[in-house]
Amino acid sequence: MFRIFERIGRYFILMGKVFSRPEKAVIYRRRILYEMEAIGMDSIGLTAIISIFIGAVITLQMCINLDSPFVPESMIGYATRETMILEFSSTVVALILSGKVGSSIASEIGTMRITEQIDALEIMGVNSASYLILPKIVAAVLFFPLLTILSIAIGIIGGYLIAVATNIMIPSNYIDGILIDFKRYSIVYSLIKSAVFAYIITSVSAFFGYYAKGNSLEVGKASTKAVVTSSVVIMIFNLILTQLLLI
(Lines give C-alpha, C1' and ligand atoms only; values in the text may rest on other atoms or scores of the structure.)
Protein backbone atom coordinates (compact mmCIF):
# COMPACT_ATOMS: atom_id res chain seq x y z
CA MET A 1 0.00 0.00 0.00
CA PHE A 2 2.76 2.43 0.96
CA ARG A 3 4.57 1.52 -2.26
CA ILE A 4 1.59 2.77 -4.27
CA PHE A 5 1.65 6.15 -2.50
CA GLU A 6 5.41 6.31 -3.01
CA ARG A 7 5.00 5.77 -6.75
CA ILE A 8 2.22 8.37 -6.95
CA GLY A 9 4.46 10.87 -5.15
CA ARG A 10 7.43 10.14 -7.42
CA TYR A 11 5.13 10.45 -10.44
CA PHE A 12 4.00 13.96 -9.47
CA ILE A 13 7.58 14.99 -8.66
CA LEU A 14 8.61 13.79 -12.12
CA MET A 15 5.71 15.68 -13.75
CA GLY A 16 6.87 18.81 -11.93
CA LYS A 17 10.26 18.44 -13.63
CA VAL A 18 8.63 17.62 -16.98
CA PHE A 19 6.48 20.76 -17.05
CA SER A 20 9.20 23.15 -15.93
CA ARG A 21 10.00 25.93 -18.38
CA PRO A 22 11.97 24.64 -21.41
CA GLU A 23 15.41 26.15 -21.92
CA LYS A 24 15.32 26.23 -25.73
CA ALA A 25 11.84 26.22 -27.30
CA VAL A 26 13.22 25.59 -30.81
CA ILE A 27 14.65 22.21 -29.81
CA TYR A 28 11.36 21.23 -28.21
CA ARG A 29 9.38 22.14 -31.34
CA ARG A 30 11.60 19.90 -33.41
CA ARG A 31 11.23 17.04 -30.96
CA ILE A 32 7.44 17.47 -30.82
CA LEU A 33 7.24 17.16 -34.62
CA TYR A 34 9.44 14.06 -34.48
CA GLU A 35 7.32 12.50 -31.73
CA MET A 36 4.09 13.28 -33.60
CA GLU A 37 5.42 11.17 -36.44
CA ALA A 38 6.74 8.40 -34.18
CA ILE A 39 3.71 8.23 -31.89
CA GLY A 40 0.87 9.44 -34.11
CA MET A 41 1.60 8.75 -37.75
CA ASP A 42 2.90 5.26 -37.04
CA SER A 43 -0.35 4.44 -35.21
CA ILE A 44 -2.70 5.33 -38.08
CA GLY A 45 -2.55 1.91 -39.71
CA LEU A 46 -3.26 0.02 -36.49
CA THR A 47 -6.10 2.41 -35.61
CA ALA A 48 -7.68 2.02 -39.04
CA ILE A 49 -7.55 -1.79 -38.99
CA ILE A 50 -9.01 -2.00 -35.48
CA SER A 51 -11.74 0.55 -36.21
CA ILE A 52 -13.03 -0.99 -39.43
CA PHE A 53 -13.42 -4.39 -37.79
CA ILE A 54 -14.97 -2.94 -34.64
CA GLY A 55 -17.52 -1.05 -36.74
CA ALA A 56 -18.32 -4.18 -38.74
CA VAL A 57 -18.70 -6.36 -35.63
CA ILE A 58 -20.92 -3.82 -33.87
CA THR A 59 -23.22 -3.67 -36.90
CA LEU A 60 -23.40 -7.46 -37.13
CA GLN A 61 -24.14 -7.79 -33.42
CA MET A 62 -26.85 -5.14 -33.62
CA CYS A 63 -28.46 -6.80 -36.63
CA ILE A 64 -28.50 -10.18 -34.87
CA ASN A 65 -29.70 -8.97 -31.47
CA LEU A 66 -32.16 -6.34 -32.70
CA ASP A 67 -33.77 -8.59 -35.29
CA SER A 68 -37.36 -7.61 -34.48
CA PRO A 69 -40.24 -6.12 -36.47
CA PHE A 70 -40.64 -3.57 -33.66
CA VAL A 71 -37.10 -2.20 -34.10
CA PRO A 72 -36.47 -0.23 -37.32
CA GLU A 73 -33.26 -1.07 -39.16
CA SER A 74 -32.20 2.58 -39.03
CA MET A 75 -31.63 2.13 -35.29
CA ILE A 76 -28.73 -0.20 -36.11
CA GLY A 77 -26.87 2.62 -37.87
CA TYR A 78 -27.70 4.96 -34.99
CA ALA A 79 -26.43 2.47 -32.39
CA THR A 80 -23.22 1.83 -34.33
CA ARG A 81 -22.51 5.55 -34.63
CA GLU A 82 -23.14 6.24 -30.94
CA THR A 83 -21.09 3.24 -29.80
CA MET A 84 -18.12 4.25 -31.93
CA ILE A 85 -18.26 7.91 -30.85
CA LEU A 86 -18.96 7.51 -27.14
CA GLU A 87 -16.79 4.53 -26.26
CA PHE A 88 -14.89 2.48 -28.81
CA SER A 89 -13.02 5.16 -30.76
CA SER A 90 -11.70 6.81 -27.61
CA THR A 91 -11.45 4.18 -24.88
CA VAL A 92 -10.85 0.91 -26.75
CA VAL A 93 -8.42 2.44 -29.24
CA ALA A 94 -6.57 4.10 -26.31
CA LEU A 95 -6.29 0.74 -24.53
CA ILE A 96 -4.84 -0.87 -27.63
CA LEU A 97 -2.46 2.03 -28.29
CA SER A 98 -1.29 1.87 -24.68
CA GLY A 99 0.25 -1.48 -25.63
CA LYS A 100 1.93 -0.11 -28.74
CA VAL A 101 2.83 3.45 -27.75
CA GLY A 102 3.18 2.90 -23.99
CA SER A 103 5.54 -0.05 -24.24
CA SER A 104 7.61 1.78 -26.85
CA ILE A 105 8.00 4.87 -24.65
CA ALA A 106 8.84 2.85 -21.53
CA SER A 107 11.38 0.75 -23.41
CA GLU A 108 13.02 3.76 -25.08
CA ILE A 109 13.42 5.80 -21.91
CA GLY A 110 14.24 2.73 -19.81
CA THR A 111 17.05 1.78 -22.19
CA MET A 112 18.41 5.33 -21.98
CA ARG A 113 18.33 5.06 -18.18
CA ILE A 114 20.24 1.78 -17.88
CA THR A 115 22.80 2.83 -20.51
CA GLU A 116 23.38 6.05 -18.49
CA GLN A 117 22.34 8.37 -21.33
CA ILE A 118 19.94 10.16 -19.00
CA ASP A 119 22.75 10.63 -16.47
CA ALA A 120 24.88 12.14 -19.24
CA LEU A 121 22.12 14.64 -20.06
CA GLU A 122 21.89 15.64 -16.41
CA ILE A 123 25.68 16.13 -16.20
CA MET A 124 25.48 18.47 -19.22
CA GLY A 125 22.89 20.55 -17.38
CA VAL A 126 19.90 19.37 -19.43
CA ASN A 127 16.56 18.78 -17.73
CA SER A 128 16.33 15.20 -18.92
CA ALA A 129 12.73 14.68 -17.74
CA SER A 130 11.42 17.66 -19.68
CA TYR A 131 13.63 17.05 -22.72
CA LEU A 132 12.64 13.39 -23.09
CA ILE A 133 9.05 13.28 -21.84
CA LEU A 134 7.39 16.65 -22.55
CA PRO A 135 7.55 16.37 -26.38
CA LYS A 136 5.99 12.90 -26.19
CA ILE A 137 3.12 14.15 -24.03
CA VAL A 138 2.44 17.17 -26.24
CA ALA A 139 2.62 15.11 -29.43
CA ALA A 140 0.24 12.45 -28.09
CA VAL A 141 -2.27 14.96 -26.69
CA LEU A 142 -2.35 16.76 -30.05
CA PHE A 143 -2.46 13.66 -32.27
CA PHE A 144 -4.67 11.20 -30.38
CA PRO A 145 -7.86 13.25 -30.95
CA LEU A 146 -7.11 13.09 -34.68
CA LEU A 147 -6.80 9.31 -34.40
CA THR A 148 -10.16 9.28 -32.61
CA ILE A 149 -11.86 11.18 -35.43
CA LEU A 150 -10.26 8.81 -37.94
CA SER A 151 -11.43 5.81 -35.90
CA ILE A 152 -15.02 7.10 -35.75
CA ALA A 153 -15.17 7.65 -39.50
CA ILE A 154 -13.57 4.31 -40.42
CA GLY A 155 -15.70 2.41 -37.88
CA ILE A 156 -18.91 3.81 -39.36
CA ILE A 157 -17.66 2.96 -42.85
CA GLY A 158 -16.84 -0.56 -41.65
CA GLY A 159 -20.44 -0.97 -40.49
CA TYR A 160 -21.73 0.17 -43.87
CA LEU A 161 -19.39 -2.16 -45.75
CA ILE A 162 -20.51 -5.20 -43.75
CA ALA A 163 -24.13 -4.27 -44.42
CA VAL A 164 -23.40 -4.15 -48.15
CA ALA A 165 -21.25 -7.29 -48.20
CA THR A 166 -23.59 -9.55 -46.21
CA ASN A 167 -27.01 -8.07 -47.05
CA ILE A 168 -27.84 -8.46 -43.36
CA MET A 169 -29.66 -5.13 -43.60
CA ILE A 170 -30.57 -2.52 -46.19
CA PRO A 171 -27.57 -0.15 -46.53
CA SER A 172 -29.79 2.90 -47.06
CA ASN A 173 -31.45 2.24 -43.69
CA TYR A 174 -27.99 2.14 -42.10
CA ILE A 175 -27.19 5.57 -43.56
CA ASP A 176 -30.54 6.93 -42.35
CA GLY A 177 -29.68 5.71 -38.85
CA ILE A 178 -26.32 7.48 -38.89
CA LEU A 179 -28.12 10.79 -39.46
CA ILE A 180 -30.65 10.36 -36.63
CA ASP A 181 -30.38 12.83 -33.72
CA PHE A 182 -26.68 13.64 -34.12
CA LYS A 183 -25.23 15.59 -31.18
CA ARG A 184 -22.02 17.54 -31.69
CA TYR A 185 -21.24 17.36 -27.98
CA SER A 186 -20.72 13.60 -28.32
CA ILE A 187 -17.71 14.33 -30.56
CA VAL A 188 -16.39 16.89 -28.07
CA TYR A 189 -16.77 14.36 -25.25
CA SER A 190 -14.86 11.73 -27.23
CA LEU A 191 -12.04 14.15 -28.09
CA ILE A 192 -11.67 15.24 -24.46
CA LYS A 193 -11.39 11.62 -23.38
CA SER A 194 -8.82 10.81 -26.06
CA ALA A 195 -6.64 13.79 -25.03
CA VAL A 196 -6.78 12.74 -21.35
CA PHE A 197 -5.99 9.13 -22.27
CA ALA A 198 -3.07 10.30 -24.43
CA TYR A 199 -1.60 12.13 -21.44
CA ILE A 200 -2.09 9.09 -19.20
CA ILE A 201 -0.42 6.69 -21.66
CA THR A 202 2.63 8.85 -22.30
CA SER A 203 3.20 10.14 -18.77
CA VAL A 204 2.70 6.81 -16.98
CA SER A 205 4.84 4.91 -19.50
CA ALA A 206 7.57 7.55 -19.33
CA PHE A 207 7.48 7.35 -15.52
CA PHE A 208 8.16 3.61 -15.46
CA GLY A 209 10.87 3.94 -18.09
CA TYR A 210 12.54 6.90 -16.37
CA TYR A 211 12.91 5.04 -13.09
CA ALA A 212 13.92 1.70 -14.59
CA LYS A 213 16.95 0.07 -12.95
CA GLY A 214 19.22 -2.86 -13.66
CA ASN A 215 19.50 -4.55 -17.03
CA SER A 216 17.46 -5.13 -20.18
CA LEU A 217 15.26 -7.63 -18.33
CA GLU A 218 14.21 -4.86 -15.92
CA VAL A 219 13.40 -2.63 -18.90
CA GLY A 220 11.05 -5.32 -20.16
CA LYS A 221 9.38 -5.51 -16.75
CA ALA A 222 9.05 -1.72 -16.65
CA SER A 223 7.42 -1.80 -20.09
CA THR A 224 4.90 -4.41 -18.92
CA LYS A 225 4.11 -2.43 -15.77
CA ALA A 226 3.63 0.70 -17.87
CA VAL A 227 1.06 -0.96 -20.14
CA VAL A 228 -0.87 -2.57 -17.28
CA THR A 229 -0.89 0.55 -15.09
CA SER A 230 -1.86 2.93 -17.90
CA SER A 231 -4.70 0.58 -18.95
CA VAL A 232 -6.08 0.49 -15.40
CA VAL A 233 -5.79 4.27 -15.02
CA ILE A 234 -7.53 4.75 -18.38
CA MET A 235 -10.50 2.68 -17.22
CA ILE A 236 -10.71 4.63 -13.95
CA PHE A 237 -10.64 7.97 -15.75
CA ASN A 238 -13.10 6.70 -18.34
CA LEU A 239 -15.60 6.25 -15.51
CA ILE A 240 -14.75 9.63 -13.97
CA LEU A 241 -14.99 11.55 -17.26
CA THR A 242 -18.27 9.87 -18.15
CA GLN A 243 -19.69 10.95 -14.79
CA LEU A 244 -18.42 14.50 -15.21
CA LEU A 245 -19.17 15.12 -18.88
CA LEU A 246 -22.31 13.13 -19.65
CA ILE A 247 -24.32 12.86 -16.43
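The basis for the numbers below is simple: all heavy atoms, side chains too, and nothing from hydrogens, waters or symmetry mates.
- Taking Asp181 as the reference, Tyr78, Lys183 meet the side chain to side chain contact (heavy atoms under 4.5 Å, CB included) condition, with sequence neighbours excluded.
- Taking the side chain to side chain contact (heavy atoms under 4.5 Å, CB included) definition, one finds that Gln61 meets it with Val57, Asn65, sequence neighbours left out.
- With rounding to the nearest 0.5 Å, the separation of CG in Leu33 from OH in Tyr28 is 15.0 Å.
- Val188 is not listed as a side-chain neighbour of Arg184, based on a closest heavy-atom distance of 4.5 Å or more.
- In terms of hydrophobic clustering, with Ile, Leu, Val, Met, Phe, Trp and Tyr side chains grouped at heavy-atom distances under 4.5 Å, Ile170 and Val164 are assigned to different clusters.
- When ring centroids are compared, Tyr185 and Tyr189 stay outside the 6.0 Å threshold.
- Nearest approach of Ser20 to Asn127, heavy atoms of both residues: OG-ND2, 2.7 Å.
- Shown here are the side chain to side chain contact (heavy atoms under 4.5 Å, CB included) partners of Glu35, two or more places apart in sequence or in another chain: Arg31, Ala38, Ile39, Pro135, Lys136, Ala139.
- Side-chain contact between Ile149 and Leu191 is present, with at least one heavy-atom pair separated by less than 4.5 Å.
- Every residue two or more places apart in sequence or in another chain was checked for a ring-ring contact (aromatic ring centres under 6.0 Å, His included) with Phe182, and none qualifies.
- For residues 216-229, every residue pair satisfying the salt bridge (charged side-chain N to carboxylate O under 4.0 Å, His left out) rule, not counting sequence neighbours, is listed here: Glu218-Lys221.
- One hydrophobic cluster holds both Phe88 and Leu245 under the rule that ILVMFWY side chains link at heavy-atom gaps under 4.5 Å.
- For the residue pair Ser230 and Ile201, the shortest heavy atom distance occurs at CB-CA, 4.3 Å.
- Counting only distance, with no hydrogens or angles, the side chain of Ser190 and the backbone of Ile187 share no donor-acceptor pair below 3.5 Å.
- Closest non-hydrogen pair, Pro145 versus Ala140, comes out as CD-O, 4.1 Å.
- Proximity of Ile49 to Ile154: side-chain heavy atoms (C-beta onward) are nowhere separated by under 4.5 Å.
- Legend: residues meeting salt bridge (charged side-chain N to carboxylate O under 4.0 Å, His left out) with Lys193, ordered by chain and number and at least two apart, are Glu87.
- Across all non-hydrogen atoms, the minimal contact from Val227 to Ser98 is CG2-O, 3.6 Å.
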*Stepwise, does the side chain to side chain contact (heavy atoms under 4.5 Å, CB included) test hold for Ser205 with Val101?*
CA-CA 9 Å; Ser205 301; Val101 175; over 6 Å; no
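- The side-chain heavy atoms of Met15 and Tyr11, taken from C-beta on, include a pair separated by under 4.5 Å.
- Each of Ile13 and Phe19 belongs to its own hydrophobic cluster when Ile, Leu, Val, Met, Phe, Trp and Tyr are linked at side-chain heavy-atom distances under 4.5 angstrom.
- Here Thr47 contributes atom OG1 and Leu147 contributes atom CG; the two are 4.5 Å apart, rounded to the nearest 0.5 Å.
- Applying the side chain to side chain donor-acceptor pair (under 3.5 Å) rule to Thr59 yields the partners Thr80; only residues at least two apart in sequence or on another chain are considered.
- Taking CD1 of Ile105 as the start and NZ of Lys100 as the end, the distance is 9.5 Å to the nearest 0.5 Å.
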_Test side chain to side chain contact (heavy atoms under 4.5 Å, CB included) applied to Ile133 and Ile109, step by step_ = CA-CA 9 Å; Ile133 300 172; Ile109 297 179; 4.0 Å; yes
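- Annotation: side chain of Phe197 is not in contact with side chain of Leu97 (no heavy-atom distance under 4.5 Å).
- Under a hydrophobic clustering in which Ile, Leu, Val, Met, Phe, Trp and Tyr are joined whenever their side-chain heavy atoms come within less than 4.5 Å, directly or via other members, Phe144 and Val138 fall into the same cluster.
- Looking at heavy atoms from C-beta onward, Tyr211 lies out of side-chain contact with Arg7 at the 4.5 angstrom threshold.
- Within a 6.0 Å sphere centred on OH of Tyr131, heavy atoms belonging to other residues, nucleotides or ligands number 12 at most.
- Taking CD1 of Ile64 as the start and CD1 of Ile168 as the end, the distance is 5.0 Å to the nearest 0.5 Å.
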*Step-by-step side chain to side chain contact (heavy atoms under 4.5 Å, CB included) determination, Ile32 to Met36*: CA-CA 6 Å; Ile32 288 170; Met36 287 182 73; 4.1 Å; yes
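- Atom CZ of Arg10 is surrounded by more than 12 heavy atoms from other residues, nucleotides or ligands within 6.0 Å.
- Taking 4.5 Å as the limit, some side-chain heavy atom of Ser186 sits within range of a side-chain heavy atom of Leu86.
- Side chain of Ser74 to backbone of Gly177: no donor-acceptor contact under 3.5 angstrom is found.
- A search for salt bridge (charged side-chain N to carboxylate O under 4.0 Å, His left out) contacts involving Asp119 returns Arg113, not counting sequence neighbours.
- Hydrophobic clustering, with ILVMFWY side chains joined whenever heavy atoms are under 4.5 angstrom apart, groups Val204 together with Phe12.
- Heavy atoms from other residues, nucleotides or ligands lying under 6.0 Å from OH of Tyr34 number 12 at most.
- Thr115 is linked by a side chain to side chain donor-acceptor pair (under 3.5 Å) to Gln117, counting only residues two or more places apart in sequence or in another chain.
- In terms of the side chain to side chain contact (heavy atoms under 4.5 Å, CB included) criterion, residue partners of Val141 (sequence neighbours excluded) are, by chain and number, Ile137, Ala195, Ala198, Tyr199.
- Rounded to the nearest 0.5 Å, atoms CG (Leu14) and CZ (Phe208) are 11.5 Å apart.
- Applying the side chain to side chain donor-acceptor pair (under 3.5 Å) criterion to Ser128, with sequence neighbours excluded, gives Glu122, Tyr210.
- The side chain to side chain donor-acceptor pair (under 3.5 Å) pairs that include a residue from residues 150-178 are Ser51-Ser151, Glu73-Asn173, Ser89-Ser151, where partners are two or more places apart or lie in different chains.
- Here the CG-CD1 distance, from Leu244 to Ile192, works out to 10.5 Å after rounding to the nearest 0.5 Å.
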